[in-house]
Amino acid sequence: MYKSFLIKYAEIAIKGKNRYLFEDALVHNIEYQLKNVEGDFHVRKENGRIYVDAEGEYDFDETVEALQRVFGIVGICPVVLLEDEGFDKLAEEVVSYVDRVYPDKNFTFKVDARRARKNYPMTSMEINAAVGEKILEAYPQTKVDVHKPQVMIHIEIRPLINIYSTEIPGPGGMPLGTAGRAMLLLSGGIDSPVAGYMISKRGVTLEATYFHAPPYTSERAKQKVIDLAKKVARYSGPIKLRVVNFTDIQLYIHEKCPHDELTIIMRRYMMKIAEHFAEEGKCLGLITGESIGQVASQTMQSLAVTNEVCHMPVYRPLIAMDKQDIVSIAEKIDTYETSILPYEDCCTIFVAKHPVTKPSLKHIQISERHLDEKIDELMKTAIETTETILVDAE
Ligand code: ATP
Ligand code: MG
């Protein structure tokens, strides 16, 4: 029924001189997502608008789903485009459009005409009134309601005439590739994939680092993280995933440091190693799935102590979110089912029964001195033996 989609984007429009960069990124990202949808699509910019035209057969639902994964899109409007062949032809097309889109005619409507081309021989008000009349004549069951119409029929007079009445919500955010890159600390849990998705939604390109501890954590646990990265990559594009073997560092901390401080010290070394790879990849920040108070290692005191080792900004998009709200996003982006698979996590292998909840930096630094002898060597080995996997959506 539709051959084109009108793509609406909001925030980009306010970017002044950079606007075309954002639009070009958006066009490119739309093309990228549509590559995996069957059909022949053309994406074009036209006077501050983006259109997707489909040639021949295509799957409507699949196309919309793909567009709903393109950050920067606010609304997806299936649109009918016509040449301007006079008002009578326009009215006729609108009447036929209404018939095709709304088989049941019991609805209230309003016509909202706009002229981007001011040389059209009728004013917007005149178009509204005249088209409204034609619809009422053709379908006497319909009613006009100018305040709260059930159906808003948009008619835009542009080089071509645009007719549309539905706007399917897009994901919002900013086009990928317009904001730099960041390093996600990706575990197998619920939170970090959501954190990565949220930052990526602001146009940030993602890399990721995962710490595993074989043989304490299994190959399945690692595969789970790769699967999560694949799910996130459906939105964020390909992710370079670093898999760090953390076993020797963890065993060494376990041997030398007080057990109630283990988690926090371990987290500090994770941050340091992730930051190393972040610098290497020219990332501008780290991303974690931390949220205040969620667990002992995420009290404000713990967060301060973990943060202290980092030189880069650490982005924590979930910081003020409740678990249920995080779960809702995980469900929406389809990471939840994978996240709850019960495989071991290197954070939970060596943890103390009663971890410190209010660590003091001074204490932690004193404990870490016990690691002086071997830790640099172990960090170096962990970095050198890190495996890099380029993960893409399936
Ligand atoms: P998640 O659900 O993301 O695993 P969590 O609630 O289990 O988070 P923690 O285990 O305290 O919380 O981890 C906090 C954050 O630290 C994670 O969101 C993630 O960014 C990072 N992190 C934890 N464990 C790992 C790991 N094994 N590899 C990479 N990053 C990790
Ligand atoms: Mg976790």
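No experiment lies behind these values; they were computed from the predicted model shown. Order of listing sets the numbers, starting from 1, for every ligand and every atom in it.
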Counting from 1 in the order shown, the ligand 1 atoms closer than 4.0 Å to a non-hydrogen atom of Gln294 are 6 (O)
Please list, one pair per line, the donor and acceptor atoms closer than 3.5 Å that link side chains of residues 356-364 to other protein atoms, with sequence neighbours excluded.
unit_1: Ser360; atom_1: OG; unit_2: His363; atom_2: N; d: 3.1
unit_1: Ser360; atom_1: OG; unit_2: His363; atom_2: ND1; d: 2.9

Checklist line | Met300, CE atom: more than 12 neighbouring heavy atoms under 6.0 Å | finding: no
Practice item. Run the contact test for His212 against ligand 1 with a 4.0 Å cut-off on heavy atoms, strictly below, and give the result. Key: no
Pair Thr299, Ser302: side-chain N/O donor-acceptor within cut-off below 3.5 Å: yes
Any N or O on Leu185 sitting closer than 3.5 Å to an N or O of ligand 1?
-> yes
In terms of heavy-atom contacts, does CD of Glu57 have more than 12 from other residues, nucleotides or ligands at under 6.0 Å?
no
Atoms of ligand 1 under 4.0 Å from any heavy atom of Ile190, numbered from 1 in the order shown, are 2 (O)
Residues passing the salt bridge (Lys or Arg N to Asp or Glu O under 4.0 Å) test with Glu275, sequence neighbours excluded, are none
Atoms of ligand 1 under 4.0 Å from any heavy atom of Arg267, numbered from 1 in the order shown, are 11 (O), 13 (O), 14 (C), 15 (C), 16 (O), 21 (C)
Polar atom proximity, Gly188 to ligand 1 (N or O, under 3.5 Å): no
Can you check whether Gln298 has an N/O within less than 3.5 Å of an N/O in ligand 1? yes
A student checking ligand 1 against Leu186 at a 4.0 Å heavy-atom cut-off should list atoms 28 (N), 29 (C), 30 (N)
Ligand 1 to Ser297, heavy atom cutoff 4.0 Å, flagged ligand atoms 11 (O)
Ligand 1 to Thr288, heavy atom cutoff 4.0 Å, flagged ligand atoms 20 (O)
- Would you check the N or O atoms of Gly289, main chain and side chain alike, for any that come under 3.5 Å of an N or O of ligand 1? yes
Is there any N or O on Phe211 that sits under 3.5 Å from an N or O of ligand 1? yes
Answer with yes or no after comparing the ring centroid distance for Phe5 and Phe60 against a 6.0 Å cut-off, counting only values under it.
yes
Geometric cation-pi criterion, Lys201 with Phe71: 6.0 Å, 45°:
no
A student checking ligand 1 against Gly189 at a 4.0 Å heavy-atom cut-off should list atoms 1 (P), 2 (O), 4 (O)
Counting from 1 in the order shown, the ligand 1 atoms closer than 4.0 Å to a non-hydrogen atom of Thr209 are 29 (C)
All heavy atoms of Ala229 vs all of Leu186, minimum pair found to be CB-CD2, 3.9 Å
- Task: Answer yes or no: is there a donor N or O on one side and an acceptor on the other, between the side chain of Asn128 and the main chain of Ala113, under 3.5 Å?
- Result: yes
